[in-house]
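Only this structure's heavy atoms are used, side chains among them; waters, hydrogens and symmetry mates stay out.
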Amino acid sequence: MRKALPVGVDNFEDVIMTGYYYVDKTLFIKELLDLKGKVNLFTRPRRFGKTLNLSMLRYFFEDTRDTERNAKNRALFQGLKIMDAGERYTSQMGQYSVLELTLKSAKQEDYETSYYMIENAVATEFERHRGIVEAGKERLSLWEYEQYIEVAEGKAGEGELRNSLQLFCRCMHKITGRKTVILIDEYDVPLENAYFQGFYRKMVSLIRSLFEAALKTNDCLQFAVLTGCLRISKESIFTGLNHLNIISVLDKKYSEHFGFTEAEVQKMMGDYGVGSRFPTMKEWYDGYVFGDTQVYNPWSVIKFLYDLEADIGAFPRPYWINTSSNDIIRYLIARADRETKGKVEALLGGGTLDIKVREEVAYGDMRTNGENLWNFLYFTGYLTKESFYFRENYIFLKARIPNTEVMTIYENTILDWFHEQIKKEDFHGLYHAMEEGDAGKMGEALRSQLFGIISFYDSAENFYHGFLAGILSQSQDYLVKSNRESGNGRSDIMVRSPSLRGKAFVIEVKVSATIDELETDAQKALEQAYDRRYADELRSEGYRDIGCYGVSFYRKDCEIRFGRPGGKAGGS
């Protein structure tokens, strides 16, 4: 019987004890101990296994002060790679107090709610250790004990919260004699959210204080591991942390521990008997490069496997779009100037973009420097490394869109933005030209719109069809029906007045291979409408005033031909 796939399960104990399929990443522990980093910041895209890895670290290193519980934690690792790494590593099991904190829930609409969620996360972790504190409170000063209880009960003031992680380490050290391992997951979520919600400075101040007290001069700290998408130090989040070790997607160290390698994906697909679908898995979810390691998106791999297990013919989908914040993509699209639009279109066409690497970025930099925005996209997983080179004392990347899944995220975000924008436009001139059969004016209006939007040419017909249908759908006087998806032999688009006495149109769309073929292709589209008698459906419904349009597109240009069923064409 095959093991269940851990869709959305990121607690290590739950994965092992419930018998979920687990891709063994326990050698992450070995590398962490070998390299002896004091404060380690791992930056990886969302949903690349960061939370599960931190949970694994907690169960490995934590001394719960309960012999039976410690034994259960040790049993979780039986049969996993770390147990064969040697006594030097296994001797570290159950040796430390562990504070595990996630800041994911701080993604809220205002500072007060975000602060409350951080306060609640800290209180929950204090409460988890409350039994240890109560049993050893005689080793604490009255002030330390009372402060601890106030934090655990969510009654501490903001000043106490800012110092809470250091307080935890000091209390645990006094009671147990053990130093603390601090694990902080998604440390930058509050900062990203605060930037887009408008309370960035206040959140920076809170996070800075929280980290400084615990990570800068803390003799009770064994080591710390933080995870996030970005390294953010310009705002002095990590002021004075000379022992901070940043491991980004550029680094070769730790490169195999976040995300799935190709060998791991192939083994998983073999275990589930769906190896024949590997080419699709690779096209859609591969393409990331961490250091020199080729990496697959683990969330999407698991989701696709889940669907394939039920139906080996299942279609791939952009699973990541439902879990990852796409605010950065929306920001890029909404504020793109002509140069930026050209770069996005080149990427969408399968090209690369040269980026000067800046690992220390701030959210505020997105407004001032386009180079920073491309860095954001790279470090958050919307771009990946094709190659890199060194020039004039800087590292440069040739970056590309990683795979089909991420390509669809760009395309969907562009289309969503476009549909929002066209609701603000006045297209009465275009509709009037369509009613009058004025293909020239209609073409001018469409070209004006094309010039202002980002196009993607690898799936051009669908893009241009959506572009045209979206504009025509804004009319309050006509009903627009898109037939492209039905595959029923009808014209691409039908436009009809609600009244049978009004006008109706059939529109056929083509995409030209070169600009020289625009006129010919527009004529072919019109003749196709004639030859296949697309207007018959409208005529059978009772419409008498019927027009036909053939429209061809090439990049930012278009050509239109108009005619009546059985009549002659006019052009733009």
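Counting non-hydrogen atoms of other residues, nucleotides and ligands closer than 6.0 Å to CZ of Arg2 gives a total above 12. Heavy atoms from other residues, nucleotides or ligands lying under 6.0 Å from CZ of Phe390 number more than 12. Atom OH of Tyr272 has more than 12 neighbouring heavy atoms from other residues, nucleotides or ligands inside a 6.0 Å radius.
Within the structure, the ring-ring contact (aromatic ring centres under 6.0 Å, His included) test picks out the following pairs touching residues 396-415 (sequence neighbours left out): Tyr389-Phe396.
The aromatic rings of Phe278 and Tyr296 sit tilted relative to each other, their planes meeting at an angle between 30° and 60°. In this structure, Trp320 and Tyr288 have perpendicular ring planes: the angle between them is above 60°, well past the 30° mark. Note on ring orientation: taking the six-membered ring where Trp is involved, the planes of Phe28 and Phe42 are perpendicular (angle over 60°, cut-offs 30° and 60°).
Rounded to the nearest 0.5 angstrom, Ser300 OG and Leu305 CG are separated by 11.0 Å.
Thr293 and Glu256 form no side-chain donor-acceptor contact under 3.5 Å, judged by distance and modelled atom types alone. Looking at Asp34 and Tyr89, their side chains do bring a donor and an acceptor atom within 3.5 Å of each other. Side-chain contact of Thr340 with Asp337: a donor-acceptor pair under 3.5 Å is present, judged by distance alone. Judged purely by distance below 3.5 Å, without hydrogens or angles, the side chains of Thr514 and Glu517 pair a donor atom with an acceptor atom.
No salt bridge links Arg47 with Asp10; every basic N to acidic carboxylate O contact stays at or beyond 4.0 Å. The existence of a salt bridge linking Glu339 and Lys343 is confirmed by a sub-4.0 Å separation between a basic side-chain nitrogen and an acidic carboxylate oxygen. A salt bridge links Lys282 with Glu262: the closest approach of a Lys/Arg side-chain nitrogen to an acidic carboxylate oxygen falls below 4.0 angstrom. Glu508 and Lys524 are not joined by a salt bridge, as no carboxylate oxygen comes within less than 4.0 angstrom of a charged side-chain nitrogen. One finds no salt bridge joining Glu405 and Lys303 here, because no Lys/Arg side-chain nitrogen approaches an Asp/Glu carboxylate oxygen to under 4.0 Å. A salt bridge is defined here as a Lys NZ or Arg NE, NH1 or NH2 lying under 4.0 Å from an Asp or Glu carboxylate O, and Glu186 with Lys107 fails to meet this definition.
In this structure the side chain of Pro45 reaches within 4.5 angstrom of the side chain of Val249, judged on heavy atoms. When side chains are defined from C-beta on, Trp284 counts as touching Pro318, because their heavy atoms get closer than 4.5 Å. A 4.5 Å side-chain heavy-atom check between Tyr59 and Asn11 finds at least one atom pair inside the cut-off. The closest side-chain heavy-atom distance from Asp557 to Arg447 is below 4.5 Å. The shortest side-chain heavy-atom distance between Ser512 and Ser552 falls under the 4.5 Å cut-off. Side-chain contact between Leu54 and Thr102: absent, with no pair of heavy atoms (C-beta onward) separated by less than 4.5 Å. Taking 4.5 Å as the limit, some side-chain heavy atom of Leu215 sits within range of a side-chain heavy atom of Leu226. Using a 4.5 Å heavy-atom threshold, the side chains of Phe304 and Met281 count as touching.
Closest of all the heavy-atom pairs between Ala513 and Asp521 is N-OD2, 4.5 Å. Among all heavy-atom pairs drawn from Glu264 and Gly259, the shortest one is OE1-O, 4.0 Å. In plain terms, the two heavy atoms of Thr43 and Ser248 that are nearest each other are OG1-CA, 3.1 Å. Taking every heavy atom of both residues into account, Phe223 and Leu32 meet most closely at CE1-CD2, 3.8 Å. The shortest heavy-atom contact between Ala525 and Val551 is CB-N, 4.0 Å.
Applying the salt bridge (charged side-chain N to carboxylate O under 4.0 Å, His left out) test to Lys253 and every residue at least two apart in sequence or in another chain returns nothing.
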Checking side chain to side chain donor-acceptor pair (under 3.5 Å) for the pair Glu386/Thr352: CA distance, chi angles, key distance, verdict? CA-CA 8 Å; Glu386 176 79 21; Thr352 61; over 6 Å; no
Residues Asn53, Tyr254; criterion side chain to side chain donor-acceptor pair (under 3.5 Å); working and verdict: CA-CA 12 Å; Asn53 273 351; Tyr254 300 100; over 6 Å; no
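When atom types are taken as modelled, the side chain of Asn403 and the backbone of Asp286 share a donor-acceptor pair closer than 3.5 angstrom. The main-chain N or O of Leu52 is never found under 3.5 Å from a side-chain atom of Ser55 such that the two would form a donor-acceptor pair.
Among Asp354, Leu347, Leu397, the one residue that satisfies the side-chain contact (heavy atoms from CB on, under 4.5 Å) test with Trp374 is Leu347.
In this structure, Arg44 forms a cation-pi arrangement with Phe290, its terminal cationic atom sitting closer than 6.0 Å to the ring centre and no more than 45° off the ring axis.
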